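The structure displayed is predicted, hence computed values, not measured ones. Chain letters run A, B, ... following the sequence lines, proteins first and then strands; every chain starts at 1.
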Amino acid sequence: MELLCPAGSLPALKTAIDCGADAVYVGLKDDTNARHFAGLNFNDKKLAKGAQYVQDHNKHLHVAINTFAHPGEQKRWFNAVDKCVDLGANAAIIADIATLDYAVNKYPELELHLSVQASATNTAAIDFYQKNFNIKRVVLPRVLSIHQVKQLSRNTDVDLEVFAFGSLCIMAEGRCYLSSYFTGESPNTVGACSPAKYVRWQETDNGLESRLNNILIDRYQSNEKAGYPTLCKGKFIVDDQLYHALEEPTSLNTLSMIPELMETGITSVKIEGRQRSPAYVEQITRVWRAAIDSYQQAPQRYQVKKDWDAVLANVSEGSQTTLGAYHRDWQ
Amino acid sequence: MKLSLGPLLYYWPKQTTEDFYQQALNSDADIIYLGETVCSKRRELKARDWISLAKALNNQGKEIVLSSMALLEAPSEVKVLKQLCENGELSVEANDIGAIQLLSEKKVPFVCGPAINCYNAHVLKLFVNQGMQRWVMPVELSRDWLQKALTDAQAMGIREHFEVEVFAHGHIPLAYSARCFTARSENKAKDDCELCCIKYPQGRITSTQEGQQVFVLNGIQTQSGYCYNLLNDVESMKGLVDVIRVSPSSLDSLTTVQQFKQQILGDQQIIKHDNLQCNGYWHQIAGLSLQ
């Protein structure tokens, strides 16, 4: 089972490889990827260096081209595919059908992974992408239970990649427009959810307030830890009850599920977080490497170690983790 | 321009639903979409009931289309989808790419629903080749985006092969989750939800701590807090849009269809929107804005 780690910068990429990632995924410095943030991602020069580093260490490089091509501007997405091939990347992670079509016709040898943003959650959808674009792998949205993941794995010969750790999208990825409803910008169209330029923090008599495009997301008292105002993780009121109406600030953590994921035949476990620091990448990669190795050495005796959990909790949103949709109780 | 009634997004008792569609037959809608698109546990009308209701409404002067579910997770849900695709008579609105796969295999013409990520003319061309007859633009896109996509479609020689439909009135379906937010709002687990959506025929309103209405919870679907309303934008749709969609929320929606009809016919009136309405997406600004 491949350990696939995020790299938002060259130092993060090197750290991931040095700490035991089997593969890293990166994005270009434009809106062709779903982490289009200032100061993040790779220009041509950095990308060439990164690709070389990955190759020198016999690891794999995946390039995320996972937003949707704007009409009249498709060239930018197609160029991203060209770059991916020129670099000798091992796979392109693509969401847009136009971009998949371009890639499969121009580069039949390029390994195509269906991005989570394409939102393929069932065998019929996976069939569509396999038959039309010969995808080799599908990254599954974080809406499926482990039971449903197992059912899928029995019914398709496309490789499955699942999210194993990181910020938790609670909506079917690629089909969530909450961010553009609040700000005009969404992951699909500009490559960002709840973009930082719309975030405002304000000390008020009611506590510290976080706002997104002036809409109140949350209020924190002095003893509470404030989190980034991702809009689905705010506190809202339903019928006089104030609570996290959609989801608490929490991260996905599936360390305890490694045996099940292995037995299900999952090809790759993906760590979320291209927007995070090299320090995050280092800690997560080390823990996951140790956990996978520990399982492989003695599957029967596999147990999540306390210090692994402690490290992960420390880098999690709200210091909390969950099994998310994999576990029916969460749903 | 034609008018459509989108699929009913809420969970209503069987009788209420059937009564609504009987009334809809007498409305100004040219096209009626029907079927469960949100949650497979909602079974006041089972798939076969939806199909028979749709067939009963057919050939009475309206175009009838069966709508499929947006988020398909379980094999049982794909089975229901197959049932819809094999109805043998009516076209289907595909709301998941899996539906396009099944429909194109069976050569059944289809409508590409708003929950499918079709953002440019290249994708439109591919879908046209697979049997798409109408495209409902993703809800977050603007007039400007539509115009550009259609200019490309024209250049590719496919513009005449499909109609364009725009979601123009109602609370906008914005997201789909594994989690049921209505059950969560009642402190119930999804597996033990007691089908509580039926208690909220227009969803559950969700507001910020300042009282701003931001979402409507509708089972696993999250809708816009404000009601999308493009009544004042009909003029700017001319030449681009073939079908205007009204998303039903009550019998009042049939009156809304009538208002759109009047706008199309030329009695252009500027309707004053209240502050719980929005039209931002069409104007390429935040969806909840009103211009």
Side-chain angles (χ1 to χ4, degrees), chain A residues 68-72 74 95-98 101-102 118-125 127-129 131-132 142-145 148 151 155 170-172 174-178 180-184 186 188-189 213 215-217 219 232 234-239 241-242 245-247 325 328-331, chain B residues 70-75 77-78 81 96-102 115 117-123 126 138-141 145 148-149 151-152 172 174-181 184-185 189-191 204-212 214-215 217 222 224 280-281 284-289:
Chain A
F68 293 84
H70 296 206
Q74 290 91 338
D96 176 34
I97 286 173
D101 194 45
Y102 173 82
S119 208
T121 53
N122 59 79
T123 47
D127 271 0
F128 174 87
Y129 290 104
K131 287 183 174 146
N132 287 286
R142 282 161 277 190
V143 292
L144 299 173
S145 68
Q148 288 164 342
Q151 284 174 326
N155 292 303
I170 53 168
M171 307 301 184
R175 294 203 283 185
C176 176
Y177 316 113
L178 294 177
S180 61
Y181 181 65
F182 275 28
T183 71
S186 77
N188 285 3
T189 54
N213 202 13
I215 299 152
L216 182 62
I217 303 297
R219 258 180 200 150
C232 61
K235 276 214 271 315
F236 301 105
I237 298 168
V238 183
D239 205 9
Q241 292 286 321
L242 174 67
L246 303 178
E247 173 62 323
R328 290 290 302 185
D329 285 354
W330 177 89
Q331 302 192 9
Chain B
L71 182 60
L72 301 163
E73 299 161 305
E77 291 167 345
V78 177
L81 172 64
D96 181 84
I97 207 83
I100 294 188
Q101 178 61 23
L102 298 180
N117 283 331
C118 177
Y119 279 81
N120 54 60
H122 283 74
V123 183
L126 215 127
V139 293
E140 69 169 344
L141 298 184
W145 192 298
K148 285 179 182 157
T151 303
D152 285 354
I172 316 165
L174 293 174
Y176 308 87
S177 177
R179 172 174 277 180
C180 176
F181 302 109
R184 180 175 169 85
S185 75
K190 186 184 181 187
D191 283 346
R204 291 205 90 175
I205 290 166
T206 304
S207 307
T208 68
Q209 296 179 59
E210 294 175 319
Q212 183 177 6
V214 278
F215 308 124
L217 306 180
T222 307
S224 61
Y281 278 139
Q284 207 163 18
I285 48 178
L288 53 61
S289 306

Taking the side chain as C-beta and beyond, is there a heavy-atom pair between [X] and [Y] under 4.5 Å?
X: Ile97(A); Y: Ile97(B); value: yes
X: Met171(A); Y: Leu71(B); value: no
X: Leu242(A); Y: Gln209(B); value: yes
X: Asn122(A); Y: Glu77(B); value: no
X: Phe68(A); Y: Val123(B); value: no

Considering all heavy atoms, the nearest [X]-[Y] contact:
X: Ala69(A); Y: Trp145(B); value: O-CZ2, 4.2 Å
X: Ser119(A); Y: Asp96(B); value: O-OD1, 4.3 Å
X: Asn188(A); Y: Glu140(B); value: CB-OE2, 3.5 Å
X: Ala175(B); Y: Cys176(A); value: CB-SG, 3.8 Å
X: Phe128(A); Y: Gln101(B); value: CA-OE1, 3.1 Å
X: Tyr119(B); Y: Pro71(A); value: O-CD, 3.7 Å

Toward chain B, the part of [X] with a non-hydrogen atom under 4.5 Å:
X: Ser180(A); value: both
X: Tyr102(A); value: neither
X: Glu247(A); value: both
X: Gln148(A); value: side chain
X: Asp101(A); value: side chain
X: Asn155(A); value: neither
X: Asp96(A); value: side chain

Between atom [atom1] of [X] and atom [atom2] of [Y], what is the distance when rounded to the nearest 0.5 Å?
X: Leu174(B); Y: Ser186(A); atom1: CG; atom2: OG; result: 10.5 Å
X: Leu246(A); Y: Arg179(B); atom1: CG; atom2: CZ; result: 8.5 Å
X: Ile100(B); Y: Asp127(A); atom1: CD1; atom2: CG; result: 13.5 Å
X: Ile237(A); Y: Glu210(B); atom1: CD1; atom2: CD; result: 9.5 Å
X: Leu217(B); Y: Phe236(A); atom1: CG; atom2: CZ; result: 10.0 Å
X: Asn120(B); Y: Gln74(A); atom1: CG; atom2: CD; result: 5.0 Å

| In terms of heavy-atom pairs under 4.5 Å, which option from Ile215(A), Asn132(A), Asn213(A) contacts chain B the most? |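 Maximum pair count with chain B is reached by Ile215(A).
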| said: So which residue, Ala74(B), Ala121(B), Pro75(B), Cys180(B), ends up with the most heavy-atom pairs under 4.5 Å with chain A? | reply: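 Heavy-atom pairs under 4.5 Å are most numerous for Pro75(B).
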Region of [X] in contact with chain A, defined by heavy-atom distances below 4.5 Å:
X: Asp152(B); value: side chain
X: Leu288(B); value: both
X: Ile285(B); value: backbone
X: Ala189(B); value: neither

| said: Please determine whether side-chain contact (heavy atoms from CB on, under 4.5 Å) holds for the pair Leu216(A) and Gln212(B), giving the CA-CA distance in whole Å, both sets of side-chain angles, and the decisive distance to 0.1 Å. | reply: CA-CA 9 Å; Leu216(A) 182 62; Gln212(B) 183 177 6; over 6 Å; no
Donor-acceptor contact below 3.5 Å, side chain [X] vs main chain [Y]:
X: Tyr281(B); Y: Tyr181(A); result: yes
X: Asn117(B); Y: Gly174(A); result: yes
X: Ser177(B); Y: Ile170(A); result: yes
X: Thr206(B); Y: Val238(A); result: no

| For Ile205(B), does the CD1 atom sit with more than 12 other heavy atoms under 6.0 Å from it, leaving out its own atoms? |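 Atom CD1 in Ile205(B) is not crowded, with 12 or fewer foreign heavy atoms closer than 6.0 Å.
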